[in-house]
Amino acid sequence: MPTRIASHARGVRALVQRTARASVTVDGEVVGSVDGPSLCVLVGATHGDDASNARRVAEKVWHLRVFDDDAGVMNLAAADVGAAVLVVSQFTLYGDTSRGRRPSWIDAAKPEVAEPLVDAVVDELRLLGATVATGRFRTHMEVALVNDGPVTVLIEV
């Protein structure tokens, strides 16, 4: 089967959820968790992504205004409220369901490309001032969260 390069893909994707708490468990052990006002961010990479894409998505996540101000309007970012961020690698964000019933993962970057990009998102968030917890790459993870709102936003850079 010939390899097809990311036809619909734009760049690093981040599915951002405003949470009251979130955690990742691997083999019965909690490997990452956040409590209080926080974000759970599922991150997927595609072909051609690089460190600049990772930096841009981290900046957008950190400055995304999804937290309420005193008037109850979403005018505040994680940077403003000191929200912790749980980052979880998620290649299935690049599942293509345009044909048939089984998603195609062709647009998802291979693990050896995606892992350093997810790490770069985490590193950039930390440089920006975020407290970051993570899942564990290339493992079966159980992600538990309480979506606050619910508020869920897809970022593509």
Side-chain angles (χ1 to χ4, degrees), residues 6 9-95 105 107-157:
R10 290 180 51 192
V12 173
R13 286 183 181 163
L15 185 68
V16 181
Q17 297 173 86
R18 185 178 76 183
T19 55
R21 62 185 169 279
S23 63
V24 178
T25 302
V26 175
D27 294 330
E29 173 193 358
V30 175
V31 297
S33 67
V34 293
D35 268 324
S38 53
L39 297 175
C40 180
V41 183
L42 308 177
V43 178
T46 190
H47 312 284
D49 281 340
D50 59 24
S52 69
N53 296 93
R55 277 192 304 278
R56 286 198 335 263
V57 81
E59 289 169 359
K60 280 191 172 260
V61 165
W62 189 234
H63 296 290
L64 185 67
R65 297 184 335 179
V66 293
F67 292 94
D68 293 346
D69 61 16
D70 291 338
V73 179
M74 285 190 274
N75 275 327
L76 301 175
D80 301 320
V81 301
V85 182
L86 175 64
V87 175
V88 180
S89 63
Q90 184 76 41
F91 78 91
T92 61
L93 288 176
Y94 275 100
W105 312 117
D107 286 343
K110 297 203 178 301
E112 54 275 5
V113 173
E115 186 172 10
L117 291 171
V118 173
D119 289 344
V121 170
V122 169
D123 292 344
E124 184 65 24
L125 281 165
R126 287 181 175 142
L127 285 172
L128 291 167
T131 298
V132 183
T134 65
R136 191 173 291 159
F137 209 87
R138 294 189 194 195
T139 63
H140 178 85
M141 295 179 276
E142 295 176 359
V143 180
L145 61 92
V146 175
N147 190 319
D148 180 23
V151 175
T152 303
V153 178
L154 178 63
I155 295 173
E156 294 182 289
V157 297

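Note that the numbering runs from 1 along the sequence shown for the chain. Every heavy atom of this structure was used, including side-chain atoms; hydrogens, water molecules and symmetry mates were not. Note that this is a predicted model, so its numbers are computed, not measured.
In this structure, Glu59 CD and Leu127 CG are separated by 10.0 Å, a value rounded to the nearest 0.5 Å. With rounding to the nearest 0.5 Å, the separation of OG1 in Thr46 from CG in Asn53 is 10.0 Å. With rounding to the nearest 0.5 Å, the separation of CG in Asp69 from CG in Asn75 is 4.5 Å. Taken from CZ in Arg56 to CD1 in Ile155, the straight-line distance is 12.0 Å, to the nearest 0.5 Å. Between the CG atom of Leu117 and the CG atom of Asp50 there is a distance of 7.5 Å, given to the nearest 0.5 Å. In this structure, OG in Ser52 is found 11.0 Å from CD in Glu124, a value given to the nearest 0.5 Å.
Under 4.0 Å is where a charged nitrogen must lie from a carboxylate oxygen, and between Arg21 and Asp35 no such pair does. With salt bridges taken as basic N to acidic carboxylate O contacts below 4.0 Å, one links Glu156 and Arg13.
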Apply side-chain contact (heavy atoms from CB on, under 4.5 Å) to Val88 and Met141, showing your working. CA-CA 9 Å; Val88 180; Met141 295 179 276; 3.7 Å; yes
Given Thr152 and Val16, is the side-chain contact (heavy atoms from CB on, under 4.5 Å) satisfied, shown in steps? CA-CA 6 Å; Thr152 303; Val16 181; over 6 Å; no
After noting the C-alpha distance and the side-chain angles of Lys60 and Val157, does the key distance pass the side-chain contact (heavy atoms from CB on, under 4.5 Å) rule? CA-CA 9 Å; Lys60 280 191 172 260; Val157 297; 3.7 Å; yes
Could you walk me through whether Thr25 and Glu29 pass the side-chain contact (heavy atoms from CB on, under 4.5 Å) check? CA-CA 5 Å; Thr25 302; Glu29 173 193 358; 5.5 Å; no
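Residues Leu145 and Val143 are in side-chain contact: their nearest non-hydrogen atoms beyond the backbone lie under 4.5 Å apart. Contact of the Met74 side chain with the Phe67 side chain is not registered, since no non-hydrogen atoms from C-beta on lie closer than 4.5 Å. A 4.5 Å side-chain heavy-atom check between Val87 and Leu125 finds at least one atom pair inside the cut-off. Contact annotation: the side chain of Gln17 never approaches that of Val153 to less than 4.5 Å [non-hydrogen atoms, C-beta and beyond]. Contact of the Val43 side chain with the Ser89 side chain is not registered, since no non-hydrogen atoms from C-beta on lie closer than 4.5 Å. Between Lys110 and Glu115 the shortest side-chain heavy-atom distance does not fall below 4.5 Å.
A donor-acceptor contact under 3.5 angstrom links the side chains of Gln90 and Thr92, judged on distance only.
Considering every non-hydrogen atom in both Ala83 and Trp62, the closest pair reads O-CZ3, 3.5 Å. Across all their heavy atoms, Leu93 and Gly44 have their closest contact at CD1-N, 3.6 Å. Taking all atoms of both residues into account, the shortest heavy-atom contact from Ala78 to Leu39 is CB-CD1, 3.9 Å. Closest non-hydrogen pair, Ser33 versus Leu86, comes out as N-CD1, 4.3 Å. Among all heavy-atom pairs drawn from Ala14 and Val57, the shortest one is CB-CG2, 3.6 Å. When all heavy atoms of Pro111 and Pro116 are compared, the closest pair comes out as O-CD, 4.2 Å.
Checked options Thr134, Val122, Val41; the residue passing with Val85 is Val41 (criterion: side-chain contact (heavy atoms from CB on, under 4.5 Å)).
Arg18 places no side-chain N or O within 3.5 Å of a backbone atom of Val151 that could act as its donor or acceptor partner.
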